[in-house]
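No experiment lies behind these values; they were computed from the predicted model shown. Chain letters run A, B, ... following the sequence lines, proteins first and then strands; every chain starts at 1.
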2 protein chains.
Amino acid sequence: MTARAEADPGRPVGVRSTAQKRALAGVLARTTTFRSAQELHAALREEGQRMGLTTVYNQLRALADAGMVDVLQAEDGEALYRRCGTPSHHHHLLCRVCGRTVLVEGRTVERWAARIAAHEGFVDVAHTLEFTGTCGDCSRTAPGSSVGG
Amino acid sequence: MTARAEADPGRPVGVRSTAQKRALAGVLARTTTFRSAQELHAALREEGQRMGLTTVYNQLRALADAGMVDVLQAEDGEALYRRCGTPSHHHHLLCRVCGRTVLVEGRTVERWAARIAAHEGFVDVAHTLEFTGTCGDCSRTAPGSSVGG
DNA sequence: GTAATTGCAAAGGATTTGCTCTGGT
DNA sequence: ACCAGAGCAAATCCTTTGCAATTAC
């Protein structure tokens with residue numbers, strides 16, 4: 001999905017403030033890379049937080065719905081989350097080795113999508129666009145993978 | 001994924017010809033829409049073929065690796081397959097109601113991806129781009145879903 | 001006090017793996 | 001005969017659901 005439900009960023013999700021919500025928000029605030037629900041859960045546990053996996057999933061979904069975190073699908077299908085810094089719609093270039101991400105502003109696809117939709121008579125068109133590659137640091141460090149052939 | 005392993009289309013995958021491979025090839029040949037491994041398996045079973053789910057997955061993966069079928073991820077994460085008609089890299093606009101797909105030639109993204117990769121110092125950059133919407137027929141038939149708000 | 005939240009346990013669903021039997025060549 | 005390939009059963013993995021205990025307000 002692309003542009004989704006909008007919400008006022010900065011306002012807590014849900015009606016009550018709990019230690020779990022705060023803890024998760026804390027980890028997300030301190031993290032700059034995309035992390036899976038499982039990783040976040042593990043991280044929370046490591047720092048001594050009492051936190052259930054279910055709650056992590058619940059919270060993450062709520063945060064995603066509220067537009068407060070970005071969600072992307074890793075190549076293996078796992079969902080990765082990160083706090084959303086840019087409110088506008090955008091995409092990411094993800095390093096498959098170190099997980100580093102670069103923001104990619106995507107005015108181009110947006111327009112393209114709209115044009116195609118109109119041309120084909122489709123409505124409610126959403127798009128998924130993700131880039132995965134090996135960043136400069138990692139391609140120098142890690143061997144292997146070059147262009148096929 | 002973008003450019004993948006290349007193979008000679010038209011040549012059977014694997015060394016031996018089996019009834020299962022032929023049956024799967026048959027269904028794929030007769031189908032114009034993307035279908036999940038599970039659906040293909042069910043279809044094969046219905047027409048009386050003796051076919052195991054495992055085999056469907058194995059074959060599908062082999063065919064995908066050989067570039068003989070297109071694979072795309074549905075919104076719910078399920079993988080969908082269809083025989084590949086166009087050898088060149090392309091994308092799809094998928095109707096989330098009836099499953100109809102429209103081919104989208106994507107020279108644009110290709111170039112864009114290359115430019116971004118170069119600019120950010122990434123190598124081996126692949127991309128995933130999918131469009132989902134409701135096609136004209138379905139938006140007329142099925143109610144609901146209009147632009148959010 | 002009351003309902004939102006938490007989170008364990010179990011379910012669910014796609015895909016893979018272990019391993020043995022079958023069948024193509 | 002020999003090994004690629006078929007396929008059942010069980011295992012994985014991520015994610016969701018049921019539901020009772022907890023706790024913010």
Side-chain angles (χ1 to χ4, degrees), chain A residues 1 7 11-27 34-66 68-69 71-82 99 128 130, chain B residues 1 7 11-28 34-66 68-82 99 128 130:
Chain A
M1 265 145 237
R11 184 197 308 189
V13 172
V15 286
R16 294 179 190 178
S17 169
T18 67
Q20 286 82 349
K21 287 183 188 174
R22 267 172 269 128
L24 179 55
V27 181
F34 277 82
R35 311 181 63 180
S36 68
Q38 316 264 353
E39 286 174 340
L40 289 168
H41 177 235
L44 252 4
R45 279 299 180 83
E46 273 176 43
E47 53 179 69
Q49 290 295 333
R50 186 170 172 284
M51 188 82 163
L53 223 202
T54 308
T55 303
V56 176
Y57 275 109
N58 280 340
Q59 255 348 277
L60 249 19
R61 179 158 34 157
L63 289 167
D65 284 349
M68 299 177 71
V69 298
V71 190
L72 66 77
Q73 298 290 124
E75 291 185 308
D76 68 339
E78 193 177 26
L80 303 178
Y81 306 80
R82 196 189 63 165
T128 323
E130 275 155 38
Chain B
M1 253 115 275
R11 183 198 307 191
V13 173
V15 286
R16 294 178 190 178
S17 169
T18 66
Q20 287 79 350
K21 287 183 187 175
R22 268 173 270 127
L24 179 55
V27 180
L28 287 172
F34 278 82
R35 309 181 64 181
S36 68
Q38 314 266 353
E39 284 174 342
L40 290 167
H41 176 236
L44 252 3
R45 280 298 181 82
E46 272 176 43
E47 52 178 69
Q49 291 295 333
R50 187 173 172 284
M51 188 80 163
L53 223 201
T54 307
T55 303
V56 176
Y57 275 108
N58 281 340
Q59 255 347 278
L60 248 19
R61 180 157 37 159
L63 289 167
D65 284 348
M68 299 176 72
V69 297
D70 281 339
V71 191
L72 66 78
Q73 297 290 121
E75 291 186 307
D76 68 340
E78 194 177 26
L80 302 178
Y81 307 81
R82 196 188 63 166
T128 324
E130 275 155 39

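We find that CG of B/L40 is positioned 14 Å from C1' of C/dA14, with the value rounded to whole Å. Rounding to whole angstrom units, CD of residue B/E75 and P of C/dA14 are separated by 16 Å. Following rounding to the nearest Å, A/E39 (CD) and D/dC13 (P) show an atom-to-atom distance of 14 Å. Regarding A/Q49, its CD atom lies at a distance of 13 Å from the C1' atom of C/dT6, rounded to whole Å. Regarding B/R22, its CZ atom lies at a distance of 13 Å from the P atom of C/dG23, rounded to whole Å.
Nearest approach of A/A74 to A/L80, heavy atoms of both residues: CB-CD1, 3.9 Å. Minimum interatomic distance between B/L44 and B/A23 (heavy atoms only, all atoms of both residues): CD1-O, 3.7 Å. Here the closest non-hydrogen pair linking B/A64 and B/V71 is CB-CG2, 3.6 Å. Across all non-hydrogen atoms, the minimal contact from A/A79 to A/Q73 is CB-OE1, 3.8 Å. Shown here for A/H41 and A/M51, the closest heavy-atom pair between the two residues is NE2-O, 2.9 Å.
Remark on DNA chain C: of its neighbouring residues B/A19 and B/R61, the 5'-side contact belongs to B/R61, judged by nearest-heavy-atom nucleotide. Annotation: of the two residues near DNA chain C, B/S17 and B/Q73, the 5′-most nearest-nucleotide partner is B/Q73.
Using a 4.5 Å cut-off on side-chain heavy atoms (C-beta onward), A/L24 and A/L63 make contact. Residues B/L40 and B/L28 form a side-chain contact, since some pair of their non-hydrogen atoms from C-beta on lies under 4.5 Å apart. Using a 4.5 Å heavy-atom threshold, the side chains of A/Q49 and A/V27 count as separate.
Closest contact between the side chain of B/Q38 and the listed nucleotides D/dT15, D/dC25, C/dT15 involves C/dT15.
Residue B/Y57 places no side-chain N or O under 4.0 Å from the OP1 or OP2 atom of C/dT16.
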Taking N or O atoms only and anything under 3.5 Å, show me the protein contacts with nucleotides 3-7 of chain D, one pair per line.
unit_1: D/dC3; atom_1: O2; unit_2: B/R16; atom_2: NH1; d: 3.1
unit_1: D/dC3; atom_1: O2; unit_2: B/R16; atom_2: NH2; d: 3.1
unit_1: D/dA4; atom_1: O4'; unit_2: B/R16; atom_2: NE; d: 3.3
unit_1: D/dA4; atom_1: O4'; unit_2: B/R16; atom_2: NH2; d: 3.4
unit_1: D/dA4; atom_1: N3; unit_2: B/R16; atom_2: NH1; d: 3.1
unit_1: D/dG5; atom_1: OP1; unit_2: B/V15; atom_2: N; d: 2.7
unit_1: D/dG5; atom_1: OP1; unit_2: B/R16; atom_2: N; d: 3.4
unit_1: D/dG5; atom_1: OP1; unit_2: B/K21; atom_2: NZ; d: 3.2
unit_1: D/dA6; atom_1: OP1; unit_2: B/T18; atom_2: OG1; d: 2.9
unit_1: D/dA6; atom_1: O3'; unit_2: B/Q20; atom_2: NE2; d: 2.8
unit_1: D/dG7; atom_1: OP1; unit_2: B/Q20; atom_2: NE2; d: 3.1
unit_1: D/dG7; atom_1: OP1; unit_2: B/R50; atom_2: O; d: 3.2
unit_1: D/dG7; atom_1: OP1; unit_2: B/R50; atom_2: NH1; d: 2.9
unit_1: D/dG7; atom_1: OP2; unit_2: B/G52; atom_2: N; d: 2.9
unit_1: D/dG7; atom_1: OP2; unit_2: B/T55; atom_2: OG1; d: 3.0

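If you run side-chain contact (heavy atoms from CB on, under 4.5 Å) between B/Y57 and each of B/L53, B/T54, B/L60, only B/L53 comes through.
The end-to-end axis angle of the helix from C/dG1-D/dC25 to C/dT25-D/dA1, rounded to 10 degrees and based on five pairs per end, is 20°.
Among the protein residues, A/S36 comes within range of no part of the nucleic acid, since none of its heavy atoms lies under 4.0 Å from any strand.
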